[in-house]
Engineer: 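Starting off with a structure, shown below.
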Amino acid sequence: MAEKNLTLVTEFLLIAFTDCPERALPLFLLFLFIYLITLLGNLGMIILIHMDRGLHTPMYFLLSQLSFMDICYSSVTVPQTMAMLLELGAALSYTRCAAQFFLFTFFGSIDCYLLALMAYDRYVAVCQPLFYVTIMTQKACVGFVAGAYTAGLVSALVRTASAFTLSFCGTNEIDFIFCDLPPLLKLTCGDSYTQEVVIVVFAIFVIPACMMVILVSYLFIIVAIMRIPSAGGRAKTFSTCASHLAAVLLFFGTLIFMYLRGNSGRSSDEDRVVAVFYTTVIPMLNPLIYSLRNKEVKEALRKILNRVKLS
């Protein structure tokens with residue numbers, strides 16, 4: 001009898017922020033402003049790196065890929081959130097929800113791998129400067145990025161297949177800004193142990209594995225910096241890593257809070273705020289972090305602006 005009362009879910013309804021309709025328009029305008037800044041900042045960074053030959057280095061090649069991923073990553077969720085705010089809710093078909101989950105996982109995984117690759121790049125530059133040109137060749141960089149895309153694709157395919165072979169029943173309301181794993185798991189019914197194990201195992205190959213690469217790289221970097229005799233030399237060397245370290249702390253800090261903590265005591269309000277931060281705010285902040293604290297980027301921007309004025 002109980003089984004007959006279970007209704008399988010074929011459509012999901014996103015209802016985050018819909019409990020206060022009077023806030024919908026201000027929030028919509030805020031998300032629109034942040035999204036436009038994200039697009040302009042990251043596109044500007046890509047164009048700047050492409051136009052200035054002084055930025056045609058492995059580090060900036062990886063940064064251009066990160067900027068592209070931030071545009072894609074943000075575009076998967078933010079337009080949907082804005083539509084939800086205008087309509088006070090957004091209905092997503094089962095297929096559309098799965099597609100959004102796949103794309104978010106794909107771009108998010110590549111973001112993680114790129115940040116790990118950038119940490120390795122800084123390790124080679126600081127700890128093995130004489131071999132930097134021979135290790136971080138153009139061919140090697142393209143291979144690293146291709147590997148990141150492939151690993152992201154495999155992870156997204158497996159996690160999406162595992163998540164959407166689960167049975168969803170009862171309510172179809174998701175109190176979240178997009179189709180993500182934690183709110184989807186709350187709608188499952190039946191035995192989901194095997195799928196959840198697969199999802200967790202593949203998550204380990206993304207967040208903790210990338211964090212391990214970053215931690216080991218920075219341990220070697222710190223040791224190398226401490227061996228530099230002058231305080232000025234130490235500060236100059238560390239400044240080459242400061243922007244990347246800030247981006248890593250922001251991105252992985254929020255991911256750990258969201259995905260690697262226990263379910264006990266979790267608050268939907270907390271999860272929404274954290275999700276907004278890593279899907280909306282961080283992609284906007286990354287180009288600012290890499291430009292405001294980077295002399296090479298500021299110098300390249302100054303050259304481009306002078307060239308525009310002269311023309």
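What you see is a predicted model, and the numbers here were worked out from it, not measured in a lab.
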Engineer: Does a donor on one side chain sit under 3.5 Å from an acceptor on the other, for Ser67 and Tyr290?
Structural biologist: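 Judged by distance alone, the side chains do not pair up.
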Engineer: If you take all heavy atoms of Gly108 and Phe251, which pair is closest and at what distance?
Structural biologist: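 So the two residues come closest at O-CZ, 4.2 Å.
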Engineer: So do Cys210 and Phe252 actually touch side chain to side chain, heavy atoms under 4.5 Å?
Structural biologist: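 Sidechains of Cys210 and Phe252: in contact.
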Engineer: For the cysteine pair Cys179/Cys97, does the gap between the two SG atoms stay under 2.5 Å?
Structural biologist: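 Yes, disulfide present: SG-SG under 2.5 Å.
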Engineer: Is the side chain of Ser64 donor-acceptor paired with the backbone N or O of Phe61 at a distance under 3.5 Å, no angle test?
Structural biologist: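 Side chain of Ser64 to backbone of Phe61, a donor-acceptor pair under 3.5 Å: yes, one is there.
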Engineer: Are Leu29 and Leu36 connected in the hydrophobic side-chain network, where two residues link if heavy atoms are under 4.5 Å apart?
Structural biologist: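 Looking at the clustering, Leu36 is in the same group as Leu29.
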Engineer: Counting only N and O atoms by type, is there a donor-acceptor contact under 3.5 Å from the side chain of Arg122 to the main-chain atoms of Cys241?
Structural biologist: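 A pair under 3.5 Å: no.
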Engineer: Using 0.5 Å steps for rounding, measure from the CG atom of Leu117 to the SG atom of Cys141.
Structural biologist: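 Answer rounded to 0.5 Å: 8.5 Å.
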Engineer: With clusters defined by side-chain heavy atoms of hydrophobic residues (ILVMFWY) lying less than 4.5 Å apart, directly or transitively, does Leu13 cluster with Phe178?
Structural biologist: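 Each belongs to a different hydrophobic cluster.
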Engineer: Going through the distances and angles, do Leu153 and Phe102 end up as a side-chain contact (heavy atoms from CB on, under 4.5 Å)?
Structural biologist: CA-CA 9 Å; Leu153 179 62; Phe102 168 79; 3.7 Å; yes
Engineer: Quick one: are Phe238 and Leu245 in side-chain contact, heavy atoms under 4.5 Å?
Structural biologist: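 They are in side-chain contact.
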Engineer: Where do Pro283 and Thr279 come nearest, in terms of heavy atoms and distance?
Structural biologist: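 Closest approach of Pro283 to Thr279, heavy atoms only: CG-O, 3.6 Å.
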Engineer: Taking a hydrophobic cluster as the set of Ile, Leu, Val, Met, Phe, Trp and Tyr residues connected by side-chain heavy atoms closer than 4.5 Å, whether directly or through intermediates, do Leu63 and Leu40 fall within one such cluster?
Structural biologist: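 The answer is no; the residues belong to distinct hydrophobic clusters.
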Engineer: Could you state whether Ile71 and Ile47 fall into the same hydrophobic cluster, counting links through intermediate Ile, Leu, Val, Met, Phe, Trp or Tyr residues with side-chain heavy atoms under 4.5 angstrom apart?
Structural biologist: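 Looking at the clustering, Ile47 is in the same group as Ile71.
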Engineer: Hydrogens and angles aside, do Tyr60 and Asp52 bring a side-chain donor and acceptor to less than 3.5 Å of each other?
Structural biologist: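 Checked: Tyr60/Asp52 side chains show no N/O donor-acceptor pair below 3.5 Å.
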Engineer: Are the side chains of Met82 and Tyr35 in contact, using a 4.5 Å heavy-atom criterion?
Structural biologist: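 When only atoms from C-beta onward are counted, Met82 and Tyr35 do touch, with a gap below 4.5 Å.
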Engineer: Do side-chain atoms of Thr137 reach the backbone of Thr134 as a donor and acceptor pair under 3.5 angstrom?
Structural biologist: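 Flag not set: sc Thr137 to bb Thr134 has no pair under 3.5 Å.
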Engineer: Considering residues, nucleotides and ligands other than Phe68, do more than 12 of their heavy atoms fall under 6.0 Å from its CZ?
Structural biologist: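 No, because the 6.0 Å sphere around CZ of Phe68 holds 12 heavy atoms or fewer from other groups.
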Engineer: Could you grab the distance from atom OG1 of Thr81 to atom CD1 of Ile177, nearest 0.5 Å is fine?
Structural biologist: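 Interatomic distance, Thr81 OG1 to Ile177 CD1, rounded to 0.5 Å: 4.5 Å.
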Engineer: Above 12 or not: heavy atoms from other molecules or residues under 6.0 Å from CD of Glu299?
Structural biologist: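 Atom CD in Glu299 is crowded, with more than 12 foreign heavy atoms closer than 6.0 Å.
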Engineer: Check the orientation of Tyr278 and Tyr73. Use parallel for under 30°, tilted for 30 to 60°, and perpendicular for over 60°.
Structural biologist: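 Tilted: the ring planes of Tyr278 and Tyr73 meet at 30° to 60°.
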Engineer: Determine whether more than 12 heavy atoms belonging to other residues, nucleotides or ligands lie under 6.0 Å from atom NE2 of His50.
Structural biologist: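 Counting other residues, nucleotides and ligands, NE2 of His50 stays at 12 neighbours or fewer.
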Engineer: Apply side-chain contact (heavy atoms from CB on, under 4.5 Å) to the pair Tyr113 and Phe144, showing each step before the final yes or no.
Structural biologist: CA-CA 9 Å; Tyr113 291 127; Phe144 287 147; over 6 Å; no
Engineer: Can you find a pair of side-chain heavy atoms, one from Asp175 and one from Arg272, that are under 4.5 Å apart?
Structural biologist: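 Asp175 vs Arg272: side chains touch.
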Engineer: Locate the shortest heavy-atom distance separating Met59 from Tyr132; write the atom from each residue and the value.
Structural biologist: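 Result for this residue pair: N-OH, 3.9 Å.
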Engineer: Please round to the nearest 0.5 Å and tell me the distance separating atom CD1 of Ile110 and atom OH of Tyr149.
Structural biologist: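 If I round to the nearest 0.5 Å, the distance is 5.5 Å.
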Engineer: Show your reasoning for whether side-chain contact (heavy atoms from CB on, under 4.5 Å) applies to Met136 and Gln128.
Structural biologist: CA-CA 11 Å; Met136 299 301 292; Gln128 301 184 50; over 6 Å; no
Engineer: With a 4.5 Å limit on heavy-atom distance, are the side chains of Ile174 and Ile15 in contact?
Structural biologist: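 No. Closest side-chain heavy atoms not under 4.5 Å.
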Engineer: Over all heavy atoms of both residues, which pair between Ala116 and Ile214 is shortest? Give the atoms and the distance, please.
Structural biologist: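 Answer, listing the atom of Ala116 first, then Ile214: CA-CG1, 3.8 Å.
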Engineer: Would you confirm whether Thr188, through its side chain, and Leu184, through its main-chain N or O, come within 3.5 Å as a donor-acceptor pair?
Structural biologist: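 No; judged by distance alone, with no hydrogens or angles, the pair does not exist.
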Engineer: Verify, without hydrogens or angle tests, whether Thr105 (side chain) and Phe101 (backbone) share a donor-acceptor contact under 3.5 angstrom.
Structural biologist: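 Yes, Thr105 side chain to Phe101 backbone: donor-acceptor pair under 3.5 Å.
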Engineer: Which atoms form the tightest heavy-atom contact between Ser291 and Lys298, and what is the distance?
Structural biologist: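 It is O-CG, 3.2 Å.
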Engineer: Of all heavy-atom pairs between Leu255 and Cys112, which one has the smallest distance, and what is that distance?
Structural biologist: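 Residues Leu255 and Cys112, closest heavy atoms: CD1-SG, 3.8 Å.
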Engineer: Contact between Asn42 and Thr38 at the side-chain level, heavy atoms closer than 4.5 Å - yes or no?
Structural biologist: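 When only atoms from C-beta onward are counted, Thr38 and Asn42 do touch, with a gap below 4.5 Å.
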Engineer: Step by step, would you call Leu92 with Glu11 a side-chain contact (heavy atoms from CB on, under 4.5 Å)?
Structural biologist: CA-CA 6 Å; Leu92 274 74; Glu11 183 182 69; 5.9 Å; no
Engineer: Heavy-atom distance under 4.5 Å between the side chains of Leu30 and Ile34, does that happen here?
Structural biologist: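 With C-beta onward as the side chain, the pair touches.
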Engineer: Supply the atom-to-atom distance Leu114 CG to Asp70 CG, rounded to the nearest 0.5 angstrom.
Structural biologist: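 So the CG of Leu114 and the CG of Asp70 are separated by 9.0 Å.
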Engineer: Using 30° and 60° as the class boundaries, would you call the ring planes of Tyr123 and Tyr120 parallel, tilted or perpendicular?
Structural biologist: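 Correct class here is tilted.
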Engineer: In Å and rounded to the nearest 0.5 Å, what is the CG to NE2 distance from Asn286 to His244?
Structural biologist: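 These two atoms lie 10.0 Å from each other.
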Engineer: Quick check for you: to the nearest 0.5 Å, what is the distance between Arg159 atom CZ and Leu181 atom CG?
Structural biologist: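 The CZ atom of Arg159 sits 5.5 Å away from the CG atom of Leu181.
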Engineer: Is Val216 reachable from Ile222 through a run of hydrophobic residues whose side-chain heavy atoms are each under 4.5 Å from the next?
Structural biologist: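 Ile222 does not cluster with Val216.
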Engineer: Do the side chains of Gln80 and Arg96 get nearer than 4.5 Å, heavy atoms only?
Structural biologist: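 Yes. Closest side-chain heavy atoms under 4.5 Å.
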Engineer: Looking at Phe220, I'd like to know if its CZ atom is crowded, meaning that more than 12 non-hydrogen atoms belonging to other residues, nucleotides or ligands lie closer than 6.0 Å.
Structural biologist: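 For Phe220, atom CZ is not crowded (no more than 12 foreign heavy atoms under 6.0 Å).
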